[in-house]
Asker: 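Here's a structure for you.
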Amino acid sequence: MTTHVAVVGAYGSAGSAVAEELAAEPDVELTLIDDGDPGGGLCILRGCMPSKEVLSAAEHRFSAQHDPRLVGDAPDVDLEAVVERKNEHTSSWSQHRRESIATLAERDNVEFIRDTAHFVDDRVLEVDGRRLEPDYVVIATGSNVAIPPIPGIEDVPVKTSADVLDSTEFPDSGIALGLGYIGLELIPYLTEAADMDLTVVEALPDVLREADEPFGAELLAYYREHFDVDVLVDADATAVESTTDGVRMEVATDGETRTIEADDLYAFTGREPAIERLGIEHTALEPDDGWVRDTMQAAGDDRVFVVGDVNGREPILHVAKEEGFTAAENIRRHRAGEALSAYENVHHHVIFSGLGVLPFARVGHSVESAQAAGLDYVTATRDASSDGVFKTKNVADGLARLVVGTDGTVLGYQGLHYHADVMAKTMQLAVEMDLDVRDIPDRAYHPTTPELIDGLVRDTAAKLD
């Protein structure tokens with residue numbers, strides 16, 4: 001018996017993962033739907049890939065300026081060249097994604113519809129003038145920029161990360177809302193590549209909320225010193241309006257109200273599920289904090305699976321793909337009457353903060369999360385300045401921390417240092433394989449970070465003896 005599955009949002013990382021898995025099933029009829037223009041998914045078009053492209057140009061200038069062994073004026077960043085190369089690469093990557101979906105659609109059991117789909121009833125879709133009633137529906141429609149509800153903001157031009165990635169010229173000054181993942185990456189770009197005078201307004205009292213306390217304070221101090229940004233934390237934007245020359249904002253901070261004026265307003269305030277065009281109101285689905293189970297099933301319908309950014313769980317590329325694989329496997333299990341598997345993600349975040357010179361990575365448990373889980377552990381923390389290689393490369397800022405169970409099992413790693421992004425994958429394997437820290441040989445890691453990581457391994461192992 002053939003099972004019909006519709007994937008709404010097939011171009012994204014999550015939707016394409018589902019499509020690739022189920023297209024190989026001979027008894028599955030697969031309808032792939034996406035109205036993306038040009039199409040390719042958020043990460044490729046507007047997310048992690050193009051952002052790293054533009055950051056790298058500013059990183060090179062920043063490194064040159066902060067190396068006392070170099071003299072002379074730092075070169076300017078050619079913004080037109082940066083955007084042109086970013087567009088070339090993005091076009092190539094997105095074309096590859098589109099071609100992969102087109103190749104799937106050449107199979108007899110797969111159809112691709114380039115149009116917008118919306119629900120008209122439970123698991124009933126209208127798309128391209130047709131009515132589809134599949135056995136299963138996978139929602140993978142991604143996310144949109146979340147604009148905070150500040151009084152007056154609806155009447156003010158607001159620029160987002162997409163505007164930053166596409167801009168070849170910038171004004172002299174700006175107000176940036178948010179110092180989360182997006183802000184931590186793009187704010188240094190604006191100050192270094194665009195030479196912009198920025199005031200950052202962050203509603204929460206700290207940054208790097210995924211990390212233990214010293215990491216956020218260390219990174220915030222680094223931003224204030226090296227990027228010369230005025231960062232207001234625990235700050236509430238109470239009103240905003242357009243002016244003749246730009247924008248004016250009232251901000252409550254430290255028990256007083258500040259008036260900030262600038263040329264442009266930027267919102268780096270996160271993303272929210274893209275469900276506004278789906279017609280969810282015509283179904284039993286009720287999007288809220290708990291509307292998607294660990295099996296990737298929607299709480300209101302066991303035959304609807306919700307994967308990627310749209311479920312609001314963890315808007316990260318590798319998570320989206322794994323959720324897609326889990327959904328595909330669980331569709332197989334559900335139709336066979338078998339028990340479904342839950343998606344269990346090892347916490348894994350990488351932020352290319354500090355233009356990638358001082359990236360942050362966390363894998364597995366922090367001290368705080370280990371305590372919350374009631375785990376017995378030992379921990380060690382080292383400054384990046386303890387690493388001789390970092391010193392010779394003029395990148396000795398930051399710190400790292402290892403969390404190890406009292407049985408020796410590696411539970412988690414946090415790094416705020418050069419090559420922390422590289423180390424994250426190695427440490428993820430250590431966590432996933434339940435490695436005993438005492439069995440990790442010296443210098444088994446990336447060759448540019450031997451002393452820092454080896455030191456953490458030795459320090460935690462010594463506490464177990």
Side-chain angles (χ1 to χ4, degrees), residues 51-77 79 82 161 164 170 172-202 204-211 213-233 235 260 262 266 268 350-361 382-387 389-400 414-423 448-449 452:
S51 67
K52 305 312 171 289
E53 175 98 47
V54 304
L55 291 181
S56 64
E59 175 193 353
H60 297 156
R61 183 177 191 271
F62 174 83
S63 297
Q65 287 195 106
H66 290 81
D67 191 330
R69 299 168 297 181
L70 304 180
V71 297
D73 296 332
D76 293 330
V77 174
L79 294 172
V82 168
S161 58
V164 174
F170 293 93
D172 294 330
S173 63
I175 300 171
L177 296 171
L179 197 56
Y181 293 2
I182 301 171
L184 285 170
E185 293 194 353
L186 293 186
I187 284 167
Y189 176 73
L190 292 174
T191 62
E192 186 67 32
D195 196 26
M196 188 182 295
D197 182 11
L198 273 180
T199 300
V200 181
V201 179
E202 169 56 52
L204 295 177
D206 50 29
V207 298
L208 286 184
R209 291 173 291 279
E210 299 286 348
E213 184 176 348
F215 290 88
E218 180 92 1
L219 186 57
L220 190 56
Y222 188 88
Y223 273 46
R224 285 170 168 157
E225 177 183 356
H226 291 281
F227 300 112
D228 194 26
V229 291
D230 184 9
V231 182
L232 308 178
V233 295
I260 307 169
Y266 296 85
F268 304 139
V350 175
I351 307 172
F352 285 81
S353 46
L355 296 174
V357 176
L358 195 67
F360 171 77
R382 282 201 171 207
D383 290 334
S385 58
S386 68
D387 192 308
V389 174
F390 285 170
K391 285 183 178 180
T392 63
K393 299 182 76 171
N394 197 48
V395 286
D397 294 290
L399 67 157
Q414 295 167 88
L416 178 67
H417 59 79
Y418 194 62
H419 282 322
D421 53 315
V422 177
M423 288 309 309
T448 59
T449 56
L452 179 65

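All values derive from a computational prediction rather than experimental measurement.
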Asker: Please name all residues satisfying side chain to side chain contact (heavy atoms under 4.5 Å, CB included) with Glu210, sequence neighbours left out, ordered by chain then number.
Answerer: Tyr181, His347, His349, Arg362

Asker: Looking at side-chain heavy atoms only, is the closest gap between Tyr418 and Val389 below 4.5 Å?
Answerer: no

Asker: Using salt bridge (charged side-chain N to carboxylate O under 4.0 Å, His left out) as the criterion, list what pairs up with Lys391, not counting sequence neighbours.
Answerer: none

Asker: Which residues satisfy the ring-ring contact (aromatic ring centres under 6.0 Å, His included) test with Phe170, sequence neighbours excluded?
Answerer: none

Asker: Determine all donor-acceptor pairs shorter than 3.5 Å in which one atom belongs to a side chain in residues 193-202; sequence neighbours excluded.
Answerer:
from, atom 1, to, atom 2, distance (Å)
Glu202, OE1, Leu179, N, 2.7
Glu202, OE2, Leu204, N, 2.9

Asker: Can you tell me how far the CG atom of Asp397 sits from the CG atom of Asp383, to the nearest 0.5 Å?
Answerer: 10.0 Å

Asker: Are Phe227 and Leu190 side-chain neighbours, meaning at least one heavy-atom pair lies under 4.5 Å?
Answerer: no

Asker: Does Phe352 have any ring-ring contact (aromatic ring centres under 6.0 Å, His included) partners at least two apart in sequence or in another chain, and if so, which?
Answerer: none

Asker: On the 0 to 90° scale, with breaks at 30° and 60°, tag the Tyr222-His226 ring pair as parallel, tilted or perpendicular.
Answerer: tilted

Asker: Before giving the answer on side-chain contact (heavy atoms from CB on, under 4.5 Å), spell out for Lys393 and His419 the whole-Å C-alpha distance, their side-chain angles and the decisive distance to 0.1 Å.
Answerer: CA-CA 12 Å; Lys393 299 182 76 171; His419 282 322; 4.1 Å; yes

Asker: Ala400: what forms a side chain to side chain contact (heavy atoms under 4.5 Å, CB included) with it, not counting sequence neighbours?
Answerer: Tyr413, His417, Leu452, Leu456

Asker: Below 4.5 Å, heavy atoms only, C-beta onward: do Tyr266 and Leu177 meet side chain to side chain?
Answerer: no

Asker: Identify, with sequence neighbours excluded, every residue that meets salt bridge (charged side-chain N to carboxylate O under 4.0 Å, His left out) alongside Arg224.
Answerer: none

Asker: For Ser173, enumerate each residue passing the side-chain hydrogen bond (donor to acceptor under 3.5 Å, both in side chains) test, keeping only those at least two apart in sequence or located in another chain.
Answerer: Asp263

Asker: Please find the pair of heavy atoms, one from Val82 and one from Ala57, that lie closest to each other, and give the distance.
Answerer: CG2-CB, 3.6 Å

Asker: Heavy atoms only: give me the nearest Val229-Tyr223 pair and the separation to one decimal.
Answerer: CG2-O, 3.7 Å

Asker: Which pairs pass side-chain hydrogen bond (donor to acceptor under 3.5 Å, both in side chains) with one or both residues in residues 65-77, sequence neighbours excluded?
Answerer: Gln65-Glu192, Asp67-Arg69

Asker: Rounded to the nearest 0.5 Å, what separation is found between the CD1 atom of Ile351 and the CZ atom of Phe360?
Answerer: 6.0 Å

Asker: In the structure I gave you, are the side-chain heavy atoms of Phe62 and Thr191 within less than 4.5 Å of one another anywhere?
Answerer: no

Asker: For residues Ser161 and Ile182, report the shortest heavy-atom separation together with the two atoms involved.
Answerer: CB-CG2, 3.9 Å

Asker: If you measure from CZ on Arg209 to CG on Asp206, what distance do you get to the nearest 0.5 Å?
Answerer: 6.5 Å

Asker: Which pair of non-hydrogen atoms, one from Ala262 and one from Ile175, has the smallest distance, and what is that distance?
Answerer: CB-CG1, 3.7 Å

Asker: Which residues pass the side chain to side chain contact (heavy atoms under 4.5 Å, CB included) test with Ala361, not counting sequence neighbours?
Answerer: Val350, Ala420, Ala424

Asker: So, taking the atom named OG in Ser63 and the one named CG in Asn394, what distance separates them when rounded to the nearest 0.5 Å?
Answerer: 8.0 Å

Asker: Do you know the tightest heavy-atom contact between Gly183 and Pro188?
Answerer: O-CD, 3.9 Å

Asker: Please round to the nearest 0.5 Å and tell me the distance separating atom CG of Leu355 and atom CZ of Arg61.
Answerer: 11.0 Å

Asker: Given side chains that start at C-beta, do those of Glu185 and Leu55 come closer than 4.5 Å, heavy atoms only?
Answerer: yes

Asker: Quick one: list whatever passes side-chain hydrogen bond (donor to acceptor under 3.5 Å, both in side chains) with Asp228, sequence neighbours left out.
Answerer: none

Asker: Rounded to the nearest 0.5 Å, what separation is found between the CD atom of Glu225 and the CG atom of Leu220?
Answerer: 12.0 Å

Asker: With sequence neighbours excluded, what pairs up with Ser56 under the side chain to side chain contact (heavy atoms under 4.5 Å, CB included) test?
Answerer: Arg85

